[in-house]
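Here the structure comes first, spelled out in structure tokens, and everything after it is commentary.
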Amino acid sequence: MSRSLRLAVIPGDGIGQEVVAEGLKVLGAALPADVKVEATEYDLGARRYHRTGETLPDSVLEELKGHDAILLGAIGDPSVPSGVLERGLLLKLRFAFDHHINLRPGKLFPGVKSPLAGEPDIDFVVVREGTEGPYVGNGGTLRTGTEHEVATEVSLNTAYGIERVVRDAYRRADSRPRKKLTLVHKNNVLVHAGHLWTRIFQQVGQEFPEVTTDYLHVDAATIFFVTQPERFDVIVTDNLFGDILTDLAAAVTGGIGLAASGNINPSGDFPSMFEPVHGSAPDIAGQGKADPTATVLSVAMLLEHLGFTAEAAKVEAAVAADLAERAGVRSTSQVGDALVARVSG
Ligand SMILES: NC(=O)C1=CN([C@@H]2O[C@H](COP(=O)(O)OP(=O)(O)OC[C@H]3O[C@@H](n4cnc5c(N)ncnc54)[C@H](O)[C@@H]3O)[C@@H](O)[C@H]2O)C=CC1
Ligand SMILES: CC(C)CC(=O)C(=O)O
Ligand SMILES: [Mg+2]
């Protein structure tokens, strides 16, 4: 009997279009013949915004709910005021589908050159909270446009939201060989949110006696990402810190073109969404220069999430082999073709 995978595809803006095309090629090559991909592409992003004024209409949000997963490229374009698409489309999706687990692996593949000295053994995962923190849009301006203008951007942290992401991170740490979990926050200054995170981190830790824990202020964490990345196994942190730390994680593991992510709704009530960590990169868009590897690794996370474990491993192995032998400059589609060949071979 044939099976089907209902996939919503949102290429988005800039290089999002280019890298998603390669991700889909690899997905098609990785799946067994009896799995039919029913992919529906959604025209969301700057072009739609200019044409209709829409970012993410409710009717599209409804349609998206009927899919097994979403593959997204990137959102954001210099022709649209900063934040309109990022908030009105990308964050709206993450919040509406309760993507509270934002999973971002930081792995240095063999043969990939890190800018760090030596050959550090980097293999950690950042569990970033995805629906709260300073990203909720809780703020505004007063005396707008005057020299006494005031702007606020209040971070929202709920015990419910922290506990569920912290428990998820403990489970992940418990299932990994090193069983180590690091909380990153800034509880020496952000005492209200920071103490809540710390207290819940300690409380939930009682349920996981085999997991060793530590705590780092986010500023110190940036030092150790560069000087001692081997010390990390699983990291749990809030939405903003996780956003910043995972671009740094990408930089020390070979570059932003290799960094994958999953916005997970563990209950399965809504589709989870997989996307590269990077943005729409307007500086290289349309030139075939973008590395599609981050998207392809995000496809591997999507496959794993949907239970296609062997296929996910095949995609990751293809990426590993390609990275180990990389030489010279290749276009976006040449990298995609090479990965398709490896996955199919
Ligand atoms: N998830 C998303 O959709 C995200 C969207 N953005 C949006 O993207 C736009 C550009 O943001 P930036 O801050 O410039 O971040 P960016 O991640 O788009 O680009 C940062 C740098 O990395 C390079 N880069 C990114 N992806 C690459 C790839 N696959 N291969 C090779 N080089 C790559 C770019 O050329 C640029 O020099 C903005 O509108 C921003 O809001 C930013 C981050 C995430
Ligand atoms: C563009 C944003 C909404 C977020 C971002 O930079 C990210 O999730 O990595
Ligand atoms: Mg980011």
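None of the values given here were measured: they were computed from a predicted structure. Atom set for the values below is all heavy atoms of this structure, side chains included, hydrogens, waters and symmetry mates excluded. Atoms within a ligand are numbered from 1 in the order they appear, just like the ligands themselves.
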Measuring from atom 37 (O) of ligand 1, which candidate in Thr295, Asp283, Asn263 has the nearest non-hydrogen atom? Asp283
Got an N/O contact under 3.5 Å between Val19 and ligand 1? no
How close do Ile122 and Val252 get, counting heavy atoms only, and between which atoms? CD1-O, 3.6 Å
Quick one: does ligand 1 sit under 4.0 Å from the side chain of Leu85, the backbone, both or neither, non-hydrogen atoms only? neither
Identify, by atom number and element, the atoms of ligand 1 in contact range of Ile284, meaning under 4.0 Å from any of its heavy atoms. 31 (C), 32 (N), 33 (C), 35 (O)
Under 2.8 Å from the Mg ion (ligand 3), how many protein N, O or S atoms can be found? 1
Given side-chain hydrogen bond (donor to acceptor under 3.5 Å, both in side chains), test Glu22 with Thr295 step by step and report yes or no. CA-CA 8 Å; Glu22 304 311 314; Thr295 305; over 6 Å; no
Would you call His67 and Tyr42 a side-chain contact if the rule is heavy atoms closer than 4.5 Å? yes
Which option out of Gly279, Ser280, Pro78, Ala250 puts a heavy atom nearest to atom 4 (C) of ligand 1? Gly279
Any atoms of ligand 1 less than 4.0 Å from a non-hydrogen atom of Ala290? List them with their elements. 30 (N)
Would you tell me which option among Glu18, Glu86, Met273, Glu275 has the nearest heavy-atom contact to atom 1 (N) of ligand 1? Glu275
Go through Glu62 and Lys65 one step at a time and tell me if the salt bridge (charged side-chain N to carboxylate O under 4.0 Å, His left out) criterion holds. CA-CA 5 Å; Glu62 271 311 303; Lys65 288 181 187 166; 2.7 Å; yes
Verify the distance criterion only: is there a donor paired with an acceptor across the side chains of Asn265 and Ser272 at less than 3.5 Å? no
Does the side chain of Tyr170 reach to within under 4.5 Å of the side chain of Val236, using non-hydrogen atoms? no
Are any protein N/O atoms closer than 3.5 Å to the N/O atoms of ligand 2? If there are, list each pair with names and the distance to one decimal place.
| from | atom 1 | to | atom 2 | distance (Å) |
| --- | --- | --- | --- | --- |
| ligand 2 | 6 (O) | Asp243 | OD1 | 3.3 |
| ligand 2 | 6 (O) | Asp243 | OD2 | 3.2 |
| ligand 2 | 8 (O) | Arg94 | NH1 | 2.9 |
| ligand 2 | 8 (O) | Arg94 | NH2 | 2.9 |
| ligand 2 | 8 (O) | Arg104 | NH2 | 3.2 |
| ligand 2 | 8 (O) | Arg128 | NH1 | 3.0 |
| ligand 2 | 9 (O) | Arg104 | NH1 | 3.2 |
| ligand 2 | 9 (O) | Arg104 | NH2 | 3.1 |
| ligand 2 | 9 (O) | Asp243 | OD1 | 3.0 |

Do Tyr215 and Asn187 meet the criterion of a side-chain donor-acceptor pair at a distance under 3.5 Å? yes
Return the closest protein heavy atom for atom 2 (C) of ligand 1 as residue, atom name and distance. Leu90 CD2, 3.5 Å
So between Leu89, Ile75, Ile256, whose heavy atom ends up nearest atom 24 (N) of ligand 1? Ile256
Evaluate the side-chain proximity of Lys180 to Phe232: yes if any heavy-atom separation is below 4.5 Å, no if none is. no
Give me the residue, atom name and distance of the protein heavy atom closest to atom 28 (C) of ligand 1. Asp291 N, 3.6 Å
Indicate yes or no: does Asp123 engage Lys107 in a salt bridge with an N to O separation below 4.0 Å. no
May I ask whether atom 33 (C) of ligand 1 is less than 4.0 Å from at least one protein heavy atom? yes
Tell me whether Lys179 is salt-bridged to Asp233, with the criterion being a basic N under 4.0 Å from an acidic carboxylate O. no
Considering residues, nucleotides and ligands other than Tyr49, do more than 12 of their heavy atoms fall under 6.0 Å from its OH? no
Taking the side chain as every heavy atom from C-beta outward, state whether Leu302 and His305 have any pair of such atoms under 4.5 Å apart. no
Looking at side-chain heavy atoms only, is the closest gap between Ile10 and Leu93 below 4.5 Å? yes
Who gets closest to atom 10 (C) of ligand 1 by heavy atom: Pro282, Gly76, Ala294? Pro282
Less than 4.0 Å between atom 13 (O) of ligand 1 and some protein heavy atom, yes or no? no
Quick check: do Val211 and Val234 have side-chain heavy atoms less than 4.5 Å from each other? no
Using 30° and 60° as the class limits, which term best fits the ring planes of His185 and Phe241: parallel, tilted or perpendicular? perpendicular
Can you find a heavy atom in the side chain of Ser261 that is under 4.5 Å from one in the side chain of Asn102? yes
Go through ligand 1 atom by atom and flag the ones less than 4.0 Å from a non-hydrogen atom of Ala74. 3 (O)
Begin with the C-alpha distance, continue with both residues' side-chain angles, and end with the deciding distance and a verdict on side-chain hydrogen bond (donor to acceptor under 3.5 Å, both in side chains) for Ser267 and Arg164. CA-CA 11 Å; Ser267 71; Arg164 62 185 182 171; over 6 Å; no
The closest protein heavy-atom partner of atom 18 (O) of ligand 1 is Ala281 N, 2.8 Å
Yes or no, since that's all I need: does a protein heavy atom fall within a distance strictly under 4.0 Å of atom 6 (N) of ligand 1? yes
Considering only the protein, which heavy-atom contact is closest to atom 27 (C) of ligand 1, and what is its distance? Ile15 CD1, 3.8 Å
Between Thr131 and Glu129, is there a side-chain donor-acceptor contact under 3.5 Å, judged purely by atom types and distance? yes
Ligand 1 to Val277, heavy atom cutoff 4.0 Å, flagged ligand atoms 44 (C)
